[in-house]
Amino acid sequence: MRTLTDDIKNHVGDVVSVEGWLHKKRLLGGLTFINVRDRRGLVQVVLEDKDEVEKLRGMQVGTVLKVEGKAVEEPRAPGGAELHEAKLEVLVPVTDEPPIEIDKPLSHKPDNLDTLFDYRVLGLRNLQEQKVFKIRSAVLREIRRYLTENDFTEIQTPKIVAGAAEGGAEVFKLDYFGKEASLAQSPQLYKQIMVGAFERVFEIGPAFRAELSATTRHVSEVTMLDIEMSFVDHDQVLETIQNLTYDVLSKIYEEFAAELKSLNAPELKITEKFPRYTVEQVHELYSKANKADTTGEKDLTPDEERWICDYAKKNDGSEAVFVTSFPKEFHKFYQKMADDGTVQTADLLFRGIEIATCPMREHRYEKLVEQMKEKGIDPKHPGFKYYLQAFQYGLPPHGGCGYGIDRLVEKTIGLGNVKEAILFPRDLGRLTP
RNA sequence: GGGCUCGUAGUGAAGAGGCCUAUCACGCCUCCCUGUCACGGAGGAGAUCGCCGGUUCGAAUCCGGUCGGGCCCGCCA
């Protein structure tokens with residue numbers, strides 16, 4: 001029976017069998033140490049028998065092994081236990097030298113990211129690299145837990161859609177059995193439709209953006225958390241997103257304290273209530289503190305996003321901040337306007353970057369059709385027929401958010417590029433691996 | 001789409017007109033080493049300095065082009 005590496009210490013005195021990958025060899029003459037990696041981590045194996053050591057001659061890191069040995073308590077060993085009198089069996093011999101080293105931290109310098117992604121298949125065997133994706137997995141687990149506990153239903157909506165129904169961002173076009181289709185840039189329309197059935201829904205899935213953006217925060221395939229909830233006002237929407245974010249971040253920083261520290265993640269500074277600033281306030285504060293005048297600008301500049309997060313961290317004790325009251329130039333046809341002429345939407349910023357956009361939707365059928373016409377969108381377009389049906393037959397006031405999972409993971413860990421938080425990132429130039 | 005940058009062994013770096021027959025670290029190969037854990041020691045192999053052209057007595061180094069990265073802006077998550 002197979003014993004996992006982190007379980008060796010519970011079998012002291014027994015002969016156990018471990019299966020995994022050769023992770024590191026250290027030959028000291030009459031004594032050889034090897035590390036074997038499995039899904040739980042590493043175990044040290046001590047080899048004194050020359051014949052056993054000889055089995056590893058020419059075998060490179062990555063060789064798949066079965067090791068049978070006696071579990072021994074040993075304070076000098078990593079983890080406090082190791083295997084002695086080991087018998088090796090090479091299950092999959094590997095004689096090719098790996099192109100990168102996996103037992104040392106991989107370079108995450110911007111200039112070297114290309115190498116990191118080219119050799120992703122092997123790089124992910126690096127324990128340090130794995131931590132990023134263990135944390136990502138846990139972030140998704142906590143999001144699902146929180147939303148499920150709060151009565152949300154998880155849904156999946158089509159990623160092949162008819163035309164560019166939403167307008168706005170560039171889409172990837174594809175040939176769908178002779179019809180023109182595109183990859184969904186957001187589940188926007190579908191999740192609104194689903195509010196008519198389940199009241200509260202969320203989806204975690206890919207969204208495809210064909211924009212020619214080459215920055216540290218853009219990829220063309222992004223993992224989005226989409227939330228939509230009904231019978232609420234804008235404040236309640238923001239509260240939900242705030243509580244979700246607070247809850248997830250707090251739990252991750254508790255559960256992964258050691259991993260985050262070893263990845264040089266910053267200390268988490270966050271408050272239960274996130275500070276809120278209007279776009280206008282940010283422009284004023286920023287212009288006052290910097291040698292710049294952004295008061296005429298509509299949107300926040302990337303530098304303002306970074307600055308306001310720093311400001312909120314110092315003044316409000318929170319690295320997460322809401323920016324509200326976007327000018328009407330930002331209005332999308334499905335969003336609700338506020339009485340003061342601004343759009344009822346807010347951006348959630350965390351550690352200097354936009355993590356989520358959180359608007360109220362226009363739920364009144366006639367008003368929605370009117371807003372579509374104002375934006376030059378034809379409500380009769382077949383792409384909108386079923387969407388509008390949901391409104392025609394009754395949709396309550398609702399709102400939600402599009403929440404960037406990749407950016408959240410990136411910033412939670414304190415990485416410098418969103419692509420580092422993605423297993424196999426897709427950008428302007430990268431389609432493999 | 002606009003601007004700015006960078007390409008040197010498998011990997012990460014140094015070299016910025018002649019000191020280069022290109023340096024270092026890790027990895028790899030051979031040997032030594034009984035408590036290593038970024039093991040240590042001795043030796044060795046491995047690079048037409050991204051590619052093409054130009055300037056020059058002489059180019060990894062300067063110039064032009066080209067290909068491939070990166071960063072910023074715009075746009076967004």
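Below, read A as the first sequence line, B as the second, and so on, with proteins coming before strands; counting in each chain starts at 1. The figures that follow rest on heavy atoms only: side chains count, while hydrogens, waters and symmetry mates do not.
An OP1 or OP2 oxygen of B/rC71 is reached within less than 4.0 angstrom by no side-chain nitrogen or oxygen of A/Thr216. Distances shown here put a side-chain N or O of A/Arg57 below 4.0 Å from the OP1 or OP2 atom of B/rU30. In this structure, A/Arg26 reaches the B/rC39 phosphate: one of its side-chain N or O atoms is under 4.0 Å from OP1 or OP2. A sub-4.0 Å separation between OP1 or OP2 of B/rA77 and a side-chain N or O of A/Gln188 is absent. Checking the phosphate oxygens (OP1, OP2) of B/rG74, no side-chain nitrogen or oxygen of A/Ser213 falls inside 4.0 Å.
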Pairs under 3.5 angstrom, nitrogen or oxygen only, protein versus nucleotides 40-47 of chain B, please.
none

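Between the NE2 atom of A/His23 and the C1' atom of B/rC39 there is a distance of 16 Å, given to the nearest Å. Spacing between atom NE2 of A/His218 and atom C1' of B/rA77 amounts to 8 Å, rounded to whole angstrom units. B/rA38 atom P lies 9 Å from atom NZ of A/Lys24, rounded to whole Å. Rounded to an integer number of Å, the gap from CD of A/Glu221 to P of B/rC76 is 21 Å.
Residue-to-nucleotide contacts include no donor-acceptor pair under 3.5 Å from the side chain of A/Arg217 to the base of B/rA77.
Here the separation of B/rA22 from B/rU36, taken at their P atoms, is 39 Å to the nearest Å. Spacing of C1' atoms, B/rG12 relative to B/rG7, comes out at 14 Å, to the nearest Å.
When side chains are defined from C-beta on, A/Lys24 does not count as touching A/Arg37, because their heavy atoms never get closer than 4.5 Å.
Nucleic acid contact class of A/Asn417 (heavy atoms, under 4.0 Å, all strands): sugar-phosphate only.
You'll find that the side chain of A/Gln44 is closest to B/rG35, out of B/rG35, B/rG70, B/rA77. Which of B/rG69, B/rG35, B/rC73 sits closest to the side chain of A/Arg306 comes down to B/rC73.
Residue pairs meeting the salt bridge (Lys or Arg N to Asp or Glu O under 4.0 Å) criterion with at least one partner in residues 342-358 of chain A, sequence neighbours excluded, are A/Glu319-A/Arg351.
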Original post:
How does each nucleotide of nucleotides 6-16 of chain B score, in 5' to 3' order, for protein heavy atoms under 4.0 Å: base (B), sugar-phosphate only (S), or none (-)?
Top reply: ----BSSS---
